[in-house]
Q: 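Below is the structure I would like to discuss, written out as structure tokens.
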Amino acid sequence: MSEHLTADVAIIGGGTAGCSTALHLRWRRASVVLLERGVCGSQASGVNYGGVRQQGRALAELPLARRSREMWSRLAGIVGTDCEFMTTGHIKLARSDADMGELEAYREAVRPYGLELELLGRNAIRARYEWLGDAAFGGSLCSEDGAANPRLVAPAFARAARAAGADIRENAEVTGIERDGGQFRLRTTDGLEIRAANLVNVAGAWGHEIAARFSESVPEDVIAPNMCVSEPLPYFMVPNFGVCGGSVYVRQIPRGNVIFGGGRGIADRERLRAYPVAAASLAAMQQAVALVPRLRHAQLIRSWTGIEGIMPDDIPVIGPSRTTEGLFHAFGFSGHGFQLGPVIGAVLSELILDGATPTPIEPFDIARFTLPAPANP
Amino acid sequence: MPIRDTADAQFRRLAEHDRPVVRFAIDGRPCEALAGDTLLTALLVNGRSLRSSEFDDGPRAGFCLMGACQDCWVTLEDGDRLRACTSFVAEGMRIVTQGASDDER
Amino acid sequence: MSDRKPVIVGAGPAGISAAVTLVAAGLTPIVLDEAPRSGGQIYRRPPPGFTRSRQALYGFEAAKARRLHEAFDALAGRIDYRPETLVWDMRGGALHCLSDGRSSEIAYRDLILATGARDRIIPFPGWTLPGIYTLGGAQIALKYQGCAIGRNIVFLGTGPLLYLVAYQYAKAGATVLAVLDTAPFAAKRRGLPGLLKGATTFAKGLWYLASLRARGIRLESGVGPIVAEGDTSVSALRYRAADGVEHRIACDGLAFGFGLSSETQLADLAEIPFRYDAVQQQFLPAREVSGRTPVAGIYLAGDGGGIAGADAAELSGERAALALLEDRGQAVDKPHLAAIERTLQRIAGFRAALETAFPFPADFAAAMADETILCRCEGVTAGEFRRAAAELGAAEVNRAKAFTRCGMGRCQGRVCGPAAAIVLAAALAVPPERIGRLRGQAPVKPIPLAVTA
């Protein structure tokens, strides 16, 4: 038994990017069908560390990240809940003089983008955060950055999009995509047939599969960031922090759990399964305790990971297809897509409805990987 | 020699009274238990709770006694954490049931 | 390779029996156990320096306990026994073990998981108060520490353990105020024909009952708990009797439980597929009566693969070990295998009768008051959990966990899991098997961040 749907836009992928796109399109009265193979937010959007961070990004990402940050402030107004977003500040720690040099250079490089970072030397950082151990040489503080609960965000966008009239189908795996006379025709496992003038590929680690169907092959790989969480401890660590080199990142939520990550788990893209790896957890535990000696008393209570798409240059693919009219991509967020999710919806809706977006996205052009091929008939 | 349990104690000794005494402290108060007592027993023959729930529903005194429920984790003065039902009380142990332990670097 | 030592996780009756069987066949298994001494829960051995006899500790099971303890002790020098060792993760043919603050890996080719069980509970208002323990917990306090959980104790719940622990307490000199069985009298009558098939066990149950009655202890059936009252510890239990009348009984100790739940976290990490078991009302790892699972080289024995009791655990431990030997190419006595399996089938029939006579009161969970704490680790109420279904669209238990934190605490859903599943299924008006199960995640129990590797 098949159900036939028609929409202005079909979206493949129910992560934050996809659900935000659905919401933004509905605000502008475009009709939307979103197809999610699992439940919204079940992949990268839901399993990541939860850092809402501008600092540390490639410069190319900063315009997007700045625009997204403004949306995070208004999240409760956008989706009806703040998803536990807190402006905790983000500190990138230096563990050597060379690291400090790196932080200083980055501060200068981002200033033209309007991002102000505060550099703290060894004494200053230890005075301000007395729970830091001797390994901290100093750090760079972005007081605008923060964290949120990743498990809540995509589902909240999905609910808001549904309330705004988007047709969101979960447990709907796309099995067939065709281009047929200026329209896209999709089929799902449970017999849905969708026709849409536009198609949005926000399929995360599987985005390359969809792109490949339109002769746009890109080298998307997978990573599985290994995540750990401690039992609740008395709340003492307000900022979210990482280190130069990125080998560990640590934050505490007001309830007391300390969430930290580092190293890689195992991602099985075909079987849609991902497993944390004991060695990675043990290494992250060691690093966390080295940075915050007080954590040595805490117990680890859970570890997890997920499947995230990564591009070789560590920045996503965002923008219109270079082969197919009406097809738009946003995938491969390389382990740092969480903060960008909300703004992707704004940008993609602008690309679809206006043909352009005010936010610079040229560095993310899919063409940087693919040779142009004749557009599909 | 049988040890008299604290009047306001949750657990009541019925047997195995003849064991060496172990001296330890709860919230700075000197207490006694017997060798072979788990930390949970030692705390509950001297009082009615092990800790306070982190999420405001009051005192806790363990639940399953077999290391499954994880409700009996207690903190020592030096910050160490022990699961009380699967740890034995030791001479000189100093347990904190109220508030935080010393912040050791 | 076939010269790799087989590994057994758990030194209760199933693990002990498996170890004895493997050693008799010439193998040298590694036996890992969390406890300092063998015996598991039911045959738990007291700490050094305790003097009560096995008779005092185990009653009717004293001979069995002795036999198992001695059989395991006799393996010394012929097994690689590692007590106080927690298997906290497993993947790719390796177990990750914590012992004495250190984590290490043990590679395996053949593995017998004999991880046992824990009490199965349903929260009711006030259940987190000090002085309230599981039936198994109350039994451990007495058996392992020589203590009663309070001065004036009420026993509540259903199943054979209810009567056994109350009897043990009364016999040891504790003040037992009442034994309140949630199973209606009619259920016990319905289960009677099946119970008679386990004559010895049934006779023991009658003995406990008669003994409690002879002591003038209040015994009731068809009871429903309303609330445990108290400020900083339990001071009374209010309950509804079978006739609907409310009663209040002052007490300072309360032990409750409704049967047992299998400990299946390692089976989950081992990627054994799970199926919903309607008798046990729990998702269980797929296991043949031989102990074999769909994962080559991994066997399940004892209550960790499905609740069947201590006698079945011994037999299934032996059976799983024989399956392992057979799979390694050793000849095994086929008639003996068949005999074990026949006995296991018979015990399974008895177990089903127990579930009929002493049914798990799932309706209590479905009707749990909104303000009841459902997840005691995280302080999540039943109402908050229901709201995840009603307002946030959670159609499955892991989703509800992600939205509410229920099951995210230190116990990983061991305590709240069975009841949470029923609360969610009832809120969604679907059968419990449709709302999924909480997954085992490493570490299966908390491990210190400061662990050395």
Side-chain angles (χ1 to χ4, degrees), chain B residues 2-3 5 7-20 22 33-45 47-73 79-89 97, chain C residues 34-36 41 44 46-52 56 84 86 116-119 121 127-134 136-142 144-151 169 172-175 231-233 252-253 261 263 373 376-380 409-412 414-415 445-446 448:
Chain B
I3 300 295
D5 298 332
D8 190 27
Q10 184 60 50
F11 276 19
R12 177 183 163 211
R13 295 194 196 279
L14 299 180
E16 312 282 7
H17 301 279
D18 191 15
R19 291 179 273 144
V22 173
L34 300 178
D37 283 349
T38 61
L39 194 45
L40 184 142
T41 299
L43 286 161
L44 295 180
V45 294
R48 290 226 180 241
S49 72
L50 310 175
R51 66 182 190 95
S52 280
S53 159
E54 292 91 350
F55 305 117
D56 281 338
D57 73 279
R60 295 289 178 90
F63 186 57
C64 78
L65 265 61
M66 52 178 281
C69 75
Q70 316 303 325
D71 197 277
C72 65
W73 284 87
D80 254 1
R81 302 272 293 148
L82 291 174
R83 190 171 53 209
C85 71
T86 54
S87 308
F88 289 109
V89 68
T97 69
Chain C
E34 283 185 69
Q41 301 310 328
R44 193 188 259 241
F50 282 51
T51 59
R52 279 169 303 167
E84 297 187 277
L86 166 71
R118 61 188 190 266
D119 289 84
I121 63 93
W127 71 293
T128 60
L129 281 167
I132 303 181
Y133 297 91
T134 61
Q139 187 181 59
I140 288 166
L142 181 60
Y144 190 60
Q145 297 280 275
C147 292
I149 57 163
R151 270 166 181 66
Y169 265 61
T175 304
D231 178 24
T232 52
S233 62
D252 78 328
S261 263
E263 286 278 270
I373 293 174
R376 65 188 284 146
C377 291
E378 293 285 316
V380 181
R410 293 180 182 93
C411 93
Q412 286 204 20
R414 281 177 176 83
V415 176
K445 289 190 181 179

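All of these numbers come straight from a predicted model, not from anything done at the bench.
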Q: Is a donor on one side and an acceptor on the other found under 3.5 Å between the side chain of C:Asp252 and the backbone of C:Arg151?
A: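 Judged by distance alone, yes, a pair lies under 3.5 Å.
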
Q: If you measure from the Lys or Arg side-chain nitrogens to the Asp or Glu carboxylate oxygens, is any gap between B:Arg48 and C:Asp231 under 4.0 Å?
A: no

Q: Who among C:Glu378, C:Arg44, C:Glu34 has the most heavy-atom pairs with chain B under 4.5 Å?
A: C:Glu378

Q: Do you know which of C:Ala35, C:Ala148, C:Pro446, C:Cys411 has the most heavy-atom pairs under 4.5 Å to chain B?
A: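 Answer, by heavy-atom pair count under 4.5 Å with chain B: C:Ala148.
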
Q: Is C:Thr232 close to chain B through its backbone or its side chain, or both, or neither, when contacts mean heavy atoms under 4.5 Å?
A: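 Contact with chain B is through both the backbone and side chain of C:Thr232.
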
Q: Can a donor-acceptor pair be found, under 3.5 Å and without considering hydrogens, that links the side chain of C:Arg414 to the backbone of C:Arg118?
A: no

Q: Between C:Gly136, C:Gly409, C:Ala172, C:Ala138, which shows the greatest number of heavy-atom pairs under 4.5 Å with chain B?
A: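 If we count pairs closer than 4.5 Å to chain B, C:Ala172 comes out on top.
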
Q: Looking at C:Gly379, C:Gly150, C:Cys147, C:Pro47, which has the largest count of heavy-atom pairs under 4.5 Å with chain B?
A: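 Of C:Gly379, C:Gly150, C:Cys147, C:Pro47, C:Cys147 has the most heavy-atom pairs under 4.5 Å with chain B.
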
Q: Would you mind telling me which of B:Ser53, B:Ser49, B:Gly67, B:Gly58 has the largest number of heavy-atom pairs within less than 4.5 Å of chain C?
A: B:Gly67

Q: Mind checking salt bridge (charged side-chain N to carboxylate O under 4.0 Å, His left out) for B:Asp71 and listing every partner two or more places apart, or none if nothing turns up?
A: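 B:Asp71 satisfies salt bridge (charged side-chain N to carboxylate O under 4.0 Å, His left out) with B:Arg51, B:Arg60, C:Arg376 only.
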
Q: Would you mind reporting whether C:Ile140 and C:Tyr133 have side-chain heavy atoms less than 4.5 Å apart?
A: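 No - every pair of side-chain heavy atoms lies 4.5 Å or more apart.
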
Q: Can you tell which part of C:Ser261 gets under 4.5 Å to a heavy atom of chain B, answering side chain, backbone, both or neither?
A: neither

Q: Name the option with the most non-hydrogen atom pairs under 4.5 Å to chain C; the candidates are B:Gly62, B:Ala35, B:Pro20.
A: B:Gly62

Q: Would you mind checking which part of B:Leu44 comes under 4.5 Å of any heavy atom in chain C, side chain (CB onward), backbone (N, CA, C, O), both or neither?
A: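 The answer is the side chain of B:Leu44.
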
Q: Could you look at B:Glu54 and say if it's the side chain, the backbone, both or neither that has a heavy atom under 4.5 Å from chain C?
A: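 Only the side chain of B:Glu54 comes within 4.5 Å of chain C.
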
Q: Is B:Ala68 close to chain C through its backbone or its side chain, or both, or neither, when contacts mean heavy atoms under 4.5 Å?
A: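 For B:Ala68, backbone and side chain are both near chain C.
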
Q: On the 0 to 90° scale, with breaks at 30° and 60°, tag the B:Phe88-C:Tyr144 ring pair as parallel, tilted or perpendicular.
A: tilted

Q: When you look at C:Asp119 and B:Phe63, which way does the side chain to side chain contact (heavy atoms under 4.5 Å, CB included) test go after all the steps?
A: CA-CA 10 Å; C:Asp119 289 84; B:Phe63 186 57; over 6 Å; no

Q: Taking only residues two or more places apart in sequence, or in another chain, which ones meet C:Pro46 in a side chain to side chain contact (heavy atoms under 4.5 Å, CB included)?
A: C:Arg37, C:Phe50, C:Leu57, C:Tyr58

Q: Pick whichever of C:Val415, C:Ile132, C:Thr128 has the most heavy-atom pairs under 4.5 Å with chain B.
A: C:Thr128

Q: Pick one of side chain, backbone, both or neither for B:Thr38, based on which atoms fall under 4.5 Å of a heavy atom in chain C.
A: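 Interface part for B:Thr38: both.
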
